[in-house]
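Scroll down for the structure; my scribbles are underneath it.
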Amino acid sequence: MQDKMIESFNEQTRQFFEPMRKLNSLMLDNMEKLTQYQMESMKRYSQLGTERLREASEVSDAEAMQQFSARQADVMNQLSEQMLEDAKALSEMSLEFKAELEKLFAEQAKLVEQVQKGEPAPKGESADKAAPAKAQSSKGGSAKS
């Protein structure tokens, strides 16, 4: 009898905290993706800047200066294209995160509606079916470039 009460209490506690766990997991996954992408972007921009400084330090005469200046236009085009690609990738990540959040909130709203109607929440639904994919570390992997 007491074991059933404790088990019931544990299950209710799990169901109570499950939405918060899912939300935290989703937020953490998104933060990890964004951080990884931003670090890769920073690395690309830093390398580009370092290359430019290195080339500028090698300018020794008027002809070299003219070549360096001509190359600057190409580099600026590359830079603007890269920035557009980065903005597009970040926008796609944001839309994906928004969709995942909407899905999570819709699932939770459905469960709340079931409880309000007096229907029991399906066992295992809150912990298994509605759970977002487990955090996959992107260490060793690479994001879109």
Side-chain angles (χ1 to χ4, degrees), residues 1-59 65-145:
M1 174 78 176
Q2 195 173 23
D3 288 342
K4 285 185 179 182
M5 284 178 43
I6 291 172
E7 189 176 313
S8 175
F9 176 75
N10 286 340
E11 181 60 30
Q12 289 174 352
T13 304
R14 259 186 245 110
Q15 287 179 357
F16 178 74
F17 287 110
E18 187 66 17
M20 289 181 275
R21 186 200 64 77
K22 288 179 187 177
L23 181 62
N24 287 337
S25 176
L26 186 61
M27 303 269 295
L28 182 61
D29 290 347
N30 187 60
M31 189 175 6
E32 183 180 23
K33 285 180 191 176
L34 286 173
T35 302
Q36 183 69 29
Y37 190 82
Q38 288 173 336
M39 299 234 347
E40 290 173 4
S41 292
M42 172 112 42
K43 182 179 177 183
R44 283 191 303 271
Y45 295 133
S46 296
Q47 286 174 340
L48 183 64
T50 303
E51 289 170 7
R52 299 312 307 144
L53 288 172
R54 198 172 311 280
E55 285 184 28
S57 69
E58 294 173 0
V59 171
M65 181 62 177
Q66 185 179 15
Q67 291 173 350
F68 175 77
S69 297
R71 176 84 173 104
Q72 282 296 95
D74 292 338
V75 170
M76 291 308 290
N77 284 337
Q78 273 183 321
L79 180 62
S80 64
E81 287 175 14
Q82 185 63 53
M83 290 176 83
L84 284 173
E85 286 177 25
D86 288 345
K88 182 180 177 185
L90 289 172
S91 175
E92 288 172 1
M93 283 184 215
S94 295
L95 290 174
E96 180 182 317
F97 177 65
K98 179 183 177 254
E100 290 174 5
L101 272 178
E102 287 173 347
K103 180 182 174 189
L104 177 66
F105 286 127
E107 289 171 353
Q108 292 309 311
K110 183 179 176 185
L111 288 174
V112 167
E113 186 178 309
Q114 287 176 343
V115 169
Q116 286 176 345
K117 289 181 180 178
E119 300 172 10
K123 289 201 177 212
E125 167 108 359
S126 63
D128 298 332
K129 187 178 177 186
K134 214 172 193 182
Q136 295 178 353
S137 177
S138 54
K139 296 173 189 163
S142 64
K144 288 191 244 178
S145 301

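Everything numeric here is computed off the predicted structure, so don't read it as measured data.
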| Has M20 got more than 12 heavy atoms of other residues, nucleotides or ligands less than 6.0 Å from its CE? | yes
| message | Checking Q114 against L111 for the side chain to side chain contact (heavy atoms under 4.5 Å, CB included) test, could you report, in this order, the C-alpha distance in whole Å, the side-chain angles of both residues, the deciding distance, and whether it holds? | response | CA-CA 5 Å; Q114 287 176 343; L111 288 174; 3.7 Å; yes
| field | Audit row: Q116, V112, side chain to side chain contact (heavy atoms under 4.5 Å, CB included) steps and yes/no | value | CA-CA 6 Å; Q116 286 176 345; V112 167; 3.8 Å; yes
| query | Are D29 and F97 close enough, and set up right, to give a side chain to side chain contact (heavy atoms under 4.5 Å, CB included), and what steps lead you there? | reply | CA-CA 9 Å; D29 290 347; F97 177 65; over 6 Å; no
| query | Is any NZ, NE, NH1 or NH2 atom of the basic residue among E18 and R21 found under 4.0 Å from an Asp or Glu carboxylate oxygen of the other? | reply | yes
| query | Are any of the side-chain nitrogens in R14 or E11 under 4.0 Å away from the carboxylate oxygens of its partner? | reply | yes
From [X] [atom1] over to [Y] [atom2], what is the distance, rounded to the nearest 0.5 angstrom?
X: K22; Y: E107; atom1: NZ; atom2: CD; value: 5.5 Å
X: S91; Y: E96; atom1: OG; atom2: CD; value: 11.5 Å
X: M31; Y: N24; atom1: CE; atom2: CG; value: 9.5 Å
X: L90; Y: E92; atom1: CG; atom2: CD; value: 9.5 Å

Looking at [Y], is its backbone amide N or carbonyl O close enough to the side chain of [X] to form a donor-acceptor pair, meaning the two atoms are under 3.5 Å apart?
X: T50; Y: S46; answer: yes
X: S57; Y: R54; answer: yes
X: S69; Y: M65; answer: yes

Only pairs under 3.5 Å count here: list side-chain donor-acceptor contacts from residues 70-79, not counting sequence neighbours, and write none if there are none.
from : atom 1 : to  : atom 2 : distance (Å)
Q72  : OE1    : R52 : NE     : 2.5
Q72  : OE1    : R52 : NH2    : 2.5

| query | Which is it for N10 and E7 under the side chain to side chain contact (heavy atoms under 4.5 Å, CB included) test, yes or no, and what are the steps along the way? | reply | CA-CA 5 Å; N10 286 340; E7 189 176 313; 5.6 Å; no
| said: Please give me the minimum heavy-atom distance between V59 and F68, naming the atom from each residue. | reply: CG2-CB, 3.9 Å
| message | For a quick test of reading the model, state the closest non-hydrogen atom pair linking Y37 to R44 and the distance between them. | response | OH-NH2, 3.9 Å
| remark: Residues passing the side-chain hydrogen bond (donor to acceptor under 3.5 Å, both in side chains) test with E81, sequence neighbours excluded, are none
| message | Any donor-acceptor pair under 3.5 Å linking the side-chain atoms of Q36 with those of E32? | response | no
| So do E100 and L104 actually touch side chain to side chain, heavy atoms under 4.5 Å? | no
| Side chains of M39 and K43: does their closest heavy-atom pair fall under 4.5 Å? | no
